[in-house]
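These notes concern the structure reproduced below.
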Amino acid sequence: MDVIIRKRDGGTLDPAEIRFFVESVTAGRLPEYQASALLMAILLRGMTREETAALTDAMVHSGIRVDLSEIPGVKVDKHSTGGVGDKTSLVLAPVAAACGVIVPMMSGRGLGHTGGTLDKLESIPGFRVRLTLPEMKAALRATGCAMIGQTAEIAPADRTLYSLRDVTGTIESIPLISASIMSKKIAEGIDALVLDVKTGRGAFMKTEDDSRLLAESLVAIGKAHGVRTEAMITRMDTPLGRAVGNAVEVIESIEVLKGQGPPDLVEISLVLAARMLMLAGVAATEADALHRVRQSIASGQALDRFRRIIETQGGDPRVVDDYHCLPVAPERSTIAASRGGYVTQVDAELVGRASVVLGAGRDTVEDDVDPAVGIILKTYPGAAIRAGDPVLELHYRTIDRRDAARALAERAIVIDDAPPPERPQIVARIS
């Protein structure tokens with residue numbers, strides 16, 4: 001209680017107090033209401049860079065730091081701070097692996113209004129994200145990639161804190177986000193890390209200034225622990241791509257690997273993959289890296305690598321060629337434009353919240369995710385539109401969820417007389 005009160009009153013916690021908190025969480029000695037109280041105090045009062053470093057270090061040491069030195073090659077991971085429709089991991093992991101990068105990718109589940117890579121992967125029938133460390137290493141040897149959730153040995157304190165943050169309104173804290181992300185990444189045994197820090201309405205960091213602070217915090221922690229780390233700040237005002245959900249996002253990711261897909265998703269995925277190649281030493285220049293990335297898609301190698309990753313991790317590889325093998329929602333409902341003009345906004349947070357209401361995400365830790373439901377964008381900012389044109393398509397299972405989601409989704413679309421100014425997807429790079 002003394003630690004909670006000190007942080008509540010704006011004080012600084014010393015490393016021993018932070019270790020005590022993390023060790024108590026890991027051992028299950030700390031009641032959830034006290035852990036939640038300290039998380040809220042940290043959200044409201046913040047942490048110094050030294051406190052954040054101590055929190056990260058304590059979380060790393062709550063488990064083991066994996067040794068991947070027996071597997072040849074530079075190990076590079078990518079992490080996104082969370083967005084709506086953000087399925088870049090499903091694209092860039094097989095792309096980078098096909099280009100010769102070793103990709104041990106440890107991902108999370110949906111948090112708040114944002115989707116989670118693990119939930120998307122588990123919409124593939126049979127796909128196992130809960131691999132043991134020996135199974136993870138075997139997958140890396142077989143395909144150059146393992147897409148998994150946290151194992152019991154890696155940063156176990158984070159599993160408890162991550163779940164609590166999701167349901168206690170303590171997601172949007174730079175120190176907590178930094179420690180959560182970097183403790184897992186440092187512990188998984190990687191050599192380098194590319195970060196995609198989202199900014200805007202659908203991101204946890206709503207402003208570019210906050211996004212830059214988070215990016216700088218993450219990069220500093222990575223470098224301090226011997227992990228070559230760089231970050232890109234990318235926009236998340238509008239959902240990335242056209243699909244929001246789980247199975248629907250898997251389909252869109254496969255379309256990108258087939259050389260199709262929406263331009264915004266293609267751009268971000270390929271640029272992030274190229275940075276992974278650069279950090280791995282596979283490519284000497286960014287132009288060369290982008291060429292290799294595009295060639296892996298054009299040749300079909302990236303798609304084939306995704307098929308092999310799915311099969312290696314117990315999934316049904318037929319989903320790559322037959323989308324009917326994926327879960328499908330039984331019902332559709334279209335939202336139409338209320339007037340003509342230009343689409344000036346498709347609010348990512350509202351679309352994300354609507355998808356959660358449909359069942360694609362979680363309101364509480366115990367909630368099950370429905371892999372079939374989701375939302376398809378039928379338009380995008382800058383598009384000319386007429387009254388009655390479809391703007392969103394809800395894939396749903398029950399009428400009550402459809403109606404609740406529709407109320408949110410209708411507010412996401414803004415139509416005006418003039419098109420919005422064009423803005424680049426990539427805001428900044430931090431290294």
When you check the gap from the basic side-chain N to the acidic O, do [X] and [Y] get nearer than 4.0 Å?
X: Asp77; Y: Lys75; value: no
X: Asp347; Y: Arg411; value: no
X: Glu188; Y: Lys184; value: no
X: Lys7; Y: Glu51; value: yes

Validation row: [X], [Y] side chains within 4.5 angstrom (heavy atoms):
X: Leu30; Y: Phe21; answer: yes
X: Arg165; Y: Ser180; answer: yes
X: Asp370; Y: Arg401; answer: no
X: Thr151; Y: Thr132; answer: no
X: Leu240; Y: Gln425; answer: yes
X: Thr229; Y: Leu218; answer: no
X: Val227; Y: Lys185; answer: no
X: Val25; Y: Met59; answer: no

Surrounding [atom1] of [X] (heavy atoms of other residues, nucleotides or ligands, distance under 6.0 Å), is the total greater than 12?
X: Arg318; atom1: CZ; result: no
X: Arg212; atom1: CZ; result: no
X: Glu311; atom1: CD; result: no
X: Phe20; atom1: CZ; result: no

Kindly compute the distance separating [atom1] ([X]) from [atom2] ([Y]), expressed to the nearest 0.5 Å.
X: Thr26; Y: Asp158; atom1: OG1; atom2: CG; answer: 10.0 Å
X: Ile251; Y: Lys258; atom1: CD1; atom2: NZ; answer: 9.5 Å
X: Ser296; Y: Gln301; atom1: OG; atom2: CD; answer: 7.0 Å
X: Leu38; Y: Leu43; atom1: CG; atom2: CG; answer: 11.5 Å
X: Ile413; Y: Leu350; atom1: CD1; atom2: CG; answer: 9.5 Å
X: Lys78; Y: Arg275; atom1: NZ; atom2: CZ; answer: 15.5 Å

task: Determine, step by step, whether Arg109 and Val129 satisfy the side-chain contact (heavy atoms from CB on, under 4.5 Å) criterion, reporting the C-alpha distance in whole Å, the side-chain angles of both residues, the deciding distance to 0.1 Å, and the verdict.
output: CA-CA 11 Å; Arg109 299 196 178 276; Val129 298; 3.9 Å; yes
Scan side-chain atoms only and decide if [X] and [Y] contain a donor-acceptor pair under the 3.5 Å cut-off.
X: Thr344; Y: Asp416; value: no
X: Thr207; Y: Asp209; value: no
X: Lys198; Y: Ser80; value: no

Tell me the closest heavy-atom pair linking [X] and [Y], and the distance in Å.
X: Ile124; Y: Gly315; value: CG2-CA, 4.5 Å
X: Pro390; Y: Thr334; value: CB-CG2, 3.6 Å
X: Val103; Y: Ala97; value: CG2-N, 4.1 Å
X: Ile297; Y: Leu257; value: CG2-O, 3.5 Å
X: Ser178; Y: Leu214; value: OG-CD1, 3.5 Å
X: Val373; Y: Arg397; value: CG1-N, 4.1 Å

Looking at [Y], is its backbone amide N or carbonyl O close enough to the side chain of [X] to form a donor-acceptor pair, meaning the two atoms are under 3.5 Å apart?
X: Asp316; Y: Gly126; value: no
X: Arg307; Y: Val320; value: no
X: Ser217; Y: Leu213; value: no
X: Thr312; Y: Ile309; value: no
X: Arg6; Y: Leu13; value: no
X: Tyr380; Y: Thr238; value: no
X: Arg45; Y: Gly11; value: no
X: Arg308; Y: Ala142; value: yes

query: So among Asp196, Ile181, Thr199, which one has a side chain to side chain contact (heavy atoms under 4.5 Å, CB included) with Thr81?
result: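 Only one option passes, and that is Ile181.
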- request: Could you check Arg242, Lys87, Arg235 and say which one makes a salt bridge (charged side-chain N to carboxylate O under 4.0 Å, His left out) with Asp264?
  value: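 Single pass found, and it is Arg242.
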Sole residue of Glu230, Glu216, Glu286 in salt bridge (charged side-chain N to carboxylate O under 4.0 Å, His left out) with Arg429: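 With Arg429 as partner, Glu230, Glu216, Glu286 yield a single salt bridge (charged side-chain N to carboxylate O under 4.0 Å, His left out), made by Glu286.
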query: What do the steps show when you test Arg353 against Glu349 for side-chain contact (heavy atoms from CB on, under 4.5 Å), and what is the final call?
result: CA-CA 6 Å; Arg353 286 168 57 193; Glu349 182 171 5; 3.9 Å; yes
- request: Go through the steps to decide whether Met105 and Ser89 satisfy the test side-chain contact (heavy atoms from CB on, under 4.5 Å), and finish with yes or no.
  value: CA-CA 9 Å; Met105 182 169 284; Ser89 291; 3.6 Å; yes
message: One pair to check against side-chain contact (heavy atoms from CB on, under 4.5 Å): Glu50 and Thr12. What are the steps and the verdict?
response: CA-CA 10 Å; Glu50 290 74 23; Thr12 300; over 6 Å; no
task: Could you go through the salt bridge (Lys or Arg N to Asp or Glu O under 4.0 Å) check for Lys120 and Glu252 one step at a time?
output: CA-CA 11 Å; Lys120 303 182 210 303; Glu252 190 167 67; over 6 Å; no
